[in-house]
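In what follows, chains are A, B, ... by sequence order, proteins preceding strands, each numbered from 1.
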Amino acid sequence: MCGRFSLAVTDWAALLPQFGFDSMDFYYAPRYNIAPTTEVPVVFFAERQRTLQTMRWGLIPPWSDSFTSRYATHLARTESVLEKRLYSRLVGRQRAVLLADGFYEWQTGSRQPYRIRVQGEEVFALAAVYDVWRGADGGERASCSILTRPANAWMAHIHDRMPAVLRASQVDAWLRPDCTDASEMQQFALHYDMPELYAYPVSGRIGNVRVDDAECFVPLKDDASRMGGQ
DNA sequence: CCAGACGTTGTT
DNA sequence: GTCTGG
DNA sequence: CCAGACGTTGTT
DNA sequence: GTCTGG
């Protein structure tokens, strides 16, 4: 689940204030089909400063020999995150959110991909944890994992798992730099009020990671498969 | 003690 | 680095 | 998540 | 069949 998402924003000036920023210091080309291992915009606190920068999607721990992984680390199960060597110490102190304007889910059984969005929000957030890896040259590289949880009743029509989707207004409650209690934040990620979502079927061409164009967002001509408003 | 893993999803 | 399995 | 590789030697 | 790369 949630092995792909999108962030095709061009009007960052309108978006940044929503997430607590007035500027950004990197170039970003709109992305319609984002796959694991690529660099994605992430919001987090570093030195008490709210920060927006890109990170590798797919967490690499500091002790890794290289900035790659043989394991699937782009997702972390919220229910068991505190028991995992890779993630447990991060929940208390290295929380983050990825920015997204949709995520993709392949329906169980039919294999039909859907684009899923938040009702009333152009851009929303995905709860995540991050870590920092230091290369032999001393350079630092950050990476992240999206938290997943069991599907809610709506999502269950498509899939049995889903990412922890946050409205922009809920981002502060996940990042809150004052809280270092991992259990408390785990409970938040499992039980906060999930925003209303809607979904529509899209072309299977997004299965190919090299496909990354506006056509990815075009609904299939199949109104019956649409789920939710907007 | 040391060696080896460190992760998720989906499908059968 | 730290935990688990043997 | 899906797609694509999965291998070696030697030559340019 | 299974792993890696995007």
Is the shortest side-chain N/O distance from A:K84 to OP1 or OP2 of B:dT8 below 4.0 Å?
-> yes
Rounded distance in Å - CZ (A:R56) to P (E:dG5) = 9 Å
Nucleotide nearest A:W106 (side chain, heavy atoms from C-beta), chosen from B:dT9, D:dA3, D:dC1 | D:dC1
Evaluate whether the aromatic ring of A:W63 and the six-membered ring of the B:dC6 base sit under 5.5 Å apart, centre to centre, with an inclination under 30°.
-> yes
Would a 4.5 Å heavy-atom cut-off, applied to side chains only, mark A:F103 and A:Y114 as touching?
-> no
Atom pair distance, as rounded to whole Å: CD1 in A:I60 and P in B:dG7 | 12 Å
Is there a Watson-Crick or G-U wobble partner for C:dG5 with both distances under 3.5 Å, and if so, which one is it?
-> B:dC2
Could you check whether A:D131 gets within reach of a base, just the sugar-phosphate, or nothing at all, counting any heavy atom under 4.0 Å?
-> nothing
Send over the distance from A:E83 CD to B:dC6 C1', rounded to a whole Å.
-> 14 Å
Indicate yes or no: at least one non-hydrogen side-chain atom of A:V42 is less than 4.5 angstrom from one of A:T54.
-> no
Do A:T37 and A:W57 come close enough that some side-chain heavy atom pair is under 4.5 Å?
-> no
Using the P atom in both, what is the distance from B:dG7 to C:dT2, to the nearest Å?
-> 15 Å
Check the surroundings of atom CD in A:Q187: do more than 12 heavy atoms from other residues, nucleotides or ligands lie under 6.0 Å from it?
-> yes
Phosphate oxygens OP1/OP2 of C:dT2: is one of them under 4.0 Å from a side-chain N or O of A:R85?
-> no
Presence of A:R77 side-chain N/O under 4.0 Å of B:dT9 phosphate oxygens OP1/OP2 = yes
In whole angstrom, what separates A:W57's CH2 from D:dC1's P?
-> 10 Å
note: A:R89, atom CZ; B:dC6, atom C1'; distance rounded to Å ~ 10 Å
Any A:T37 side-chain nitrogen or oxygen under 4.0 Å from OP1 or OP2 of E:dT4 = no
Which nucleotide sits closest to the side chain of A:V209: E:dG6, B:dT8, B:dC6?
-> E:dG6
Does CD in A:Q112 sit with more than 12 non-hydrogen atoms of other residues, nucleotides or ligands closer than 6.0 Å?
-> yes
Whom does B:dT8 pair with, Watson-Crick or G-U wobble, provided both distances fall under 3.5 Å?
-> none
If we take the C1' atom in both E:dG1 and B:dT11, what is their distance in whole Å?
-> 13 Å
Minimum-distance nucleotide to A:R210 side chain [options: B:dT9, D:dC1, D:dG4] = D:dG4
When you compare E:dT4 with B:dT8, how far apart are their C1' atoms, in angstrom units rounded to a whole number?
-> 15 Å
Nearest to the side chain of A:T148, which nucleotide is it out of B:dT9, B:dG7, E:dG6?
-> B:dT9
Evaluate whether the aromatic ring of A:Y71 and the six-membered ring of the B:dG7 base sit under 5.5 Å apart, centre to centre, with an inclination under 30°.
-> no
Are any side-chain N or O atoms of A:D212 and backbone N or O atoms of A:N33, one a donor and one an acceptor, separated by less than 3.5 Å?
-> yes
Would you mind telling me which of B:dT11, B:dT8, C:dG1 lies closest to the side-chain atoms of A:L75?
-> B:dT8
Write down the distance between CG (A:L147) and P (B:dG7), rounded to a whole number of angstrom.
-> 14 Å
A:L86 CG to C:dT4 P: how many Å, rounded?
-> 14 Å
To the nearest angstrom, how far is A:D160 atom CG from B:dT11 atom C1'?
-> 12 Å
